[in-house]
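Lettering of chains follows the sequences in order, A, B, ..., and the numbering in each one begins at 1. Just so it is clear, the values below take in all heavy atoms, side chains as well, and ignore hydrogens, waters and symmetry mates.
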There are 2 protein chains.
Amino acid sequence: MACSGGRERGAYHHGDLAAALVRATLEIVDEVGVRGFSVAEAARRTRVSPGAPYRHFADRDALLAAAALEVSRRLRAIHLEAMTTASSPHERLAAVAGSYVRAAAVHRGGFDLLFAPGLRTHHLELRDSTREFIDLLLPSAFEVVPPEQGAKAAVGLLEALSAVARGYVALLLDGVFGEPGAVAAEVAVRATRAARALVDGYGLPDTTPS
Amino acid sequence: MACSGGRERGAYHHGDLAAALVRATLEIVDEVGVRGFSVAEAARRTRVSPGAPYRHFADRDALLAAAALEVSRRLRAIHLEAMTTASSPHERLAAVAGSYVRAAAVHRGGFDLLFAPGLRTHHLELRDSTREFIDLLLPSAFEVVPPEQGAKAAVGLLEALSAVARGYVALLLDGVFGEPGAVAAEVAVRATRAARALVDGYGLPDTTPS
DNA sequence: AGACGAATGTGAGAGGCTCATACATCCAAT
DNA sequence: ATTGGATGTATGAGCCTCTCACATTCGTCT
């Protein structure tokens, strides 16, 4: 944990290769996407032999999954922030959808990773990240869904919200709306609106006195 | 274009290698996912030398994209069928979302392909497939959205519907709800409900300043 | 019919990647 | 100081993508 710079004179050992590899992986994926990523390149950028990464990660997918997990951690922080800026539970739910889309435009590579097929399935922690997302919002959902509909409806709403958010991000990153960076803000607005419509559809006709 | 079977005696030329490769690609992706796919394997299954595919497809991604395009064609047929079985425009919109999710569980490999990052971006026809999907449903959307909200609201609704459908499929295939094959039917129901909520939410008087 | 050019497939190979295995080096606990 | 375990290196097998020169066949033009 000591040397942060790189290759001191006797720096046979790296210090914290695992973390450095994850950082390199995020960089590479940002530049060339998951498909363009290679363990060898990550090793090269970390100034380490091609075999070294395999001391820390079982295989290519394990490194990618670790990087994806890091992304999901950062994303969680973003969600938390988005939640605090909203006032009503109504708005809080909608705002998270919007912030999700905005985050996608900025951290494209990260989402490439989060959505990469097969990674979530193999890595339990990663698969649970969606559930965490839901848990984070559960209190707000309970305030929005009429109590007589029960907890199941609240969870259903949150699943639907995850789905819209994720769906909009997918469409955005696919370029369906145009160059992602250029249209992200507007798409975020539309995603927010969709989320609001969803909340309305699941909840009572009017719960918001103006 | 004549021989369809395989290796007659003098079958130096294949007949329709391009189509056969696309078929093989779909098979392989169904079995081992996009990540496990290799052009070499597709060539092997088509009983052709490893270099042959490159006469028809510029590179690996081009073959994958062609396969994805084939999937999107089949999917379009599924959508059309789902639309005819629904009676009201309301139900029609919701039903397509459900059929999308059900289709995903059956043709997992196909969706792996459709959602593979980078393919859509590179292949124009593929990127337009989402827009086609929207065009397909536009008439129904116009019947559902109050006219005073204009065409933009109708398109917005359809985008939102695409997003939920796609989002639910993504969550399903990630295994968030459990083993995809087992939970698909139930998830389809929930997706349908979300779609209905969305349709209701957009049908309400506009609450958002644009 | 016969010949010729275009299309399509083959064979061999360069270069890169993943991952395994044996070996070198360094840290920490005794 | 020694020694055992963790970490990095060196090497290499096996697979993959994609290229290039060559072989084979098809369609077409005379």
Side-chain angles (χ1 to χ4, degrees), chain A residues 1-25 27-29 31-67 113 116 118-119 122, chain B residues 1-25 27-29 31-67 113 116 118-119 122:
Chain A
M1 291 184 196
C3 80
S4 64
R7 38 165 172 3
E8 258 78 313
R9 211 171 42 80
Y12 184 97
H13 287 92
H14 180 281
D16 193 357
L17 183 53
L21 284 170
V22 166
R23 276 196 301 275
T25 299
E27 262 185 42
I28 295 170
V29 171
E31 292 168 19
V32 294
V34 175
R35 173 130 161 57
F37 166 83
S38 79
V39 175
E41 173 66 18
R44 231 171 279 132
R45 295 205 188 186
T46 321
R47 250 99 118 138
V48 124
S49 77
Y54 293 91
R55 286 285 171 201
H56 299 269
F57 303 96
D59 54 20
R60 194 188 114 115
D61 277 3
L63 176 48
L64 285 173
L113 222 36
L119 289 189
H122 287 347
Chain B
M1 286 185 197
C3 82
S4 64
R7 15 95 192 65
E8 258 79 313
R9 208 173 45 81
Y12 184 98
H13 286 92
H14 181 281
D16 194 356
L17 183 54
L21 284 170
V22 166
R23 274 195 303 275
T25 299
E27 262 185 41
I28 295 169
V29 171
E31 292 169 19
V32 294
V34 175
R35 175 134 161 53
F37 166 83
S38 79
V39 176
E41 174 65 18
R44 231 171 280 133
R45 295 204 186 186
T46 320
R47 257 125 137 97
V48 123
S49 76
Y54 293 92
R55 286 286 171 201
H56 298 269
F57 303 97
D59 54 19
R60 194 187 114 113
D61 278 2
L63 175 48
L64 284 174
L113 222 38
L119 290 188
H122 288 347

Student: A/His56 side chain N/O closer than 4.0 Å to the phosphate oxygens (OP1, OP2) of D/dA6?
Tutor: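 So the side chain of A/His56 is outside the cut-off, no N or O lying under 4.0 Å from OP1 or OP2 of D/dA6.
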Student: If you compare all heavy atoms of A/Ala43 against all heavy atoms of A/Ser49, which two are closest, and at what distance to 0.1 Å?
Tutor: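 For A/Ala43 and A/Ser49, the tightest heavy-atom pair comes out as CB-O, 3.7 Å.
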Student: Please give, in whole Å, the distance from C/dT8 P to B/Leu17 CG?
Tutor: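 Answer to the nearest Å: 9 Å.
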Student: Atom CG of A/Asp16 and atom P of D/dT7: how far apart are they, to the nearest Å?
Tutor: 10 Å
Student: Check A/Phe57 against A/Ala66 and note the closest heavy-atom contact, atom names and distance.
Tutor: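 Taking A/Phe57 first and A/Ala66 second, the nearest heavy atoms are CE2-CB, 3.6 Å.
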Student: What does the B/S/- profile of nucleotides 14-21 of chain D look like, 5' to 3', with a 4.0 Å heavy-atom cutoff to protein?
Tutor: --SSB--B
Student: Quick one: does A/Arg60's side chain have a donor or acceptor within less than 3.5 Å of a partner on A/Phe37's backbone?
Tutor: yes
Student: How close do A/Ala67 and A/Val22 get, counting heavy atoms only, and between which atoms?
Tutor: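 Nearest pair, atom of A/Ala67 first, then A/Val22: CA-CG1, 3.9 Å.
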Student: So, A/Glu41 and A/Arg45, do they make that salt bridge, N to O below 4.0 Å?
Tutor: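 Yes, charged N to carboxylate O under 4.0 Å.
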